[in-house]
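These notes are about the structure you will find just below.
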Amino acid sequence: NPCATIKIVEMFKSFDTDPKRSKQPITANALKAICDDLSDDDPDDVTFKAVVMMMFTFLMRSRECLGDGVNTDVDQCLKFGDIMLARNGVGIPRGQSVLEADEVYMRFKVHKTDQSGSKKVLLLLPQIEKGDPDEKYCLVRLIKIMAKLRPGVMTEKDRFFATLSNGKVLSKRTVAEVLKNQAEKMGLDRSIWSVISLREGGASAMYDAGFSAEDIKMRGRWKSDCWKRYVWEGRGRAKGLNKKLLGKSVSLLATQMQA
């Protein structure tokens, strides 16, 4: 049951005094359920799916992709010019068909956590193989559908990625409401998920999959170990822990000091 860990954590809410842990990471299964309720034929639906999957897989902050309903951070909010689709490691020139792309590169800019001085971080996400059950949730696939539904959109380098058909940028309030509604559908407290849950969920998924601390820090653009505040351990990672601990006999270097 993918909700088991979340429900257990809810029981211990009263013990958690850290205000930064007030939200919980969203699970991949919850995001898939959200996507299943949306169409591949509606441009705004596809944009929404691409945005939440992007924020999950690239551990994004809300200001890096969403608006606040009034303003958009023009320095940090992702534009189409910050995205490059590629085939076998070779970038596809803007204006050419991207339907054969199998990778997406994201360029993140102006980060307070960047130590290189370049103010730019380039990250990669390969396409999920065709035939895989999770292929329909793949970000590369969703971006290709966006390009098909809105011909020429990849050439609009200054257009915000999360721009809807009404010309407005998808707001964090709208995304948060969808996440809260999904929590309710799954029998959970509406308050456990918000936009930050996407960043927490991606980081927690990477940790549970066995990625290194450096991998997580690089993908989340963290320069310190503060990423640990975002990660929740999954039940799968702890499976077999008790047996491994009790079944291990450690031979010490020395059992006593010689006089």
Test item: M154 and M84 side chains (from C-beta on) under 4.5 Å apart, heavy atoms:
no

Is R63 paired with D68 through a side-chain N to carboxylate O contact shorter than 4.0 Å?
no

Can you tell me how far apart CD (Q24) and OG (S194) are? Round to the nearest 0.5 Å.
12.5 Å

Would you say R173 has more than 12 foreign heavy atoms packed within less than 6.0 Å of its CZ?
no

Taking all atoms of both residues into account, what is the closest heavy-atom pair of D189 and A183, and its distance?
O-CB, 3.8 Å

Is there side-chain contact between F80 and T163, with at least one heavy-atom pair below 4.5 Å?
no

Could you go through the side chain to side chain contact (heavy atoms under 4.5 Å, CB included) check for L164 and F48 one step at a time?
CA-CA 9 Å; L164 302 174; F48 187 95; over 6 Å; no

What heavy-atom pair brings V46 and D40 nearest, and what distance separates the two atoms?
CG2-O, 3.6 Å

Stepwise side chain to side chain contact (heavy atoms under 4.5 Å, CB included) test for F56 and V52:
CA-CA 6 Å; F56 182 83; V52 295; over 6 Å; no

Verify side chain to side chain contact (heavy atoms under 4.5 Å, CB included) between W193 and L188, making sure each step is shown before the conclusion.
CA-CA 10 Å; W193 287 336; L188 304 171; 4.0 Å; yes

Side-chain donor or acceptor of R94 paired with backbone N/O of T155 under 3.5 Å:
no

Can you tell me how far CD1 of I128 sits from CG of D102, rounded to the nearest 0.5 angstrom?
13.0 Å

Please say yes or no: joined through hydrophobic side-chain contacts below 4.5 Å, possibly via intermediate residues, are V121 and M106 part of one cluster?
yes

L66 side chain near M60 side chain, heavy-atom distance below 4.5 Å:
no

For the residue pair L59 and R221, what are the closest heavy atoms and their distance?
O-NH2, 3.5 Å

Shortest non-hydrogen pair, K79 vs K157, comes out as CB-O, 3.3 Å

Under a 4.5 Å side-chain heavy-atom rule over Ile, Leu, Val, Met, Phe, Trp and Tyr, are Y137 and F161 clustered together?
yes

Of all heavy-atom pairs linking F108 and E64, the shortest is CD2-OE2, 4.1 Å

Here the gap from K49 atom NZ to L139 atom CG, rounded to the nearest 0.5 Å, amounts to 12.0 Å

Does a side chain donor of either T27 or N29 reach within less than 3.5 Å of an acceptor in the other side chain?
no

Please tell me whether Y105 and V140 are part of a single hydrophobic cluster in this structure, the criterion being side-chain heavy atoms less than 4.5 Å apart.
no

Take M53 and L125 through the test side chain to side chain contact (heavy atoms under 4.5 Å, CB included) and record every step on the way to the result.
CA-CA 11 Å; M53 283 303 177; L125 184 72; over 6 Å; no

Is V178 close to I34 at the side-chain level, that is, under 4.5 Å between some pair of heavy atoms?
yes

Chi angles and distances behind the salt bridge (charged side-chain N to carboxylate O under 4.0 Å, His left out) call for D37, K185:
CA-CA 12 Å; D37 287 339; K185 288 180 183 179; 3.2 Å; yes

S165-D44 side chain donor-acceptor pair, cut-off 3.5 Å:
yes

Can F160 be reached from L170 by stepping across I, L, V, M, F, W or Y side chains whose heavy atoms are under 4.5 Å apart?
no

What distance separates S171 OG from E177 CD, expressed to the nearest 0.5 Å?
10.0 Å

Restricting to non-hydrogen atoms, name the atom on R61 and the atom on M55 that form the minimum distance, rounded to 0.1 Å.
O-CE, 3.9 Å

Taking the side chain as everything from C-beta on, heavy atoms only, tell me whether L78 gets closer than 4.5 Å to M54.
yes

Presence of salt bridge, K217 and E214, under 4.0 angstrom
yes

Side-chain heavy atoms of Q182 within contact of I26, under 4.5 Å:
no

The reported gap from NZ in K168 to OG1 in T72 (rounded to nearest 0.5 angstrom) is 11.0 Å

With rounding to the nearest 0.5 Å, note down the distance linking CG in L179 to CZ in R190.
10.5 Å

Is there a path from F211 to V231 through hydrophobic residues (I, L, V, M, F, W, Y) whose side chains come within less than 4.5 Å of each other?
yes

Give a yes or no answer on whether the side chain of R219 reaches the backbone of A203 with a donor-acceptor pair at less than 3.5 Å.
no

Is the number of heavy atoms from other residues, nucleotides or ligands under 6.0 Å of D225 CG greater than 12?
yes

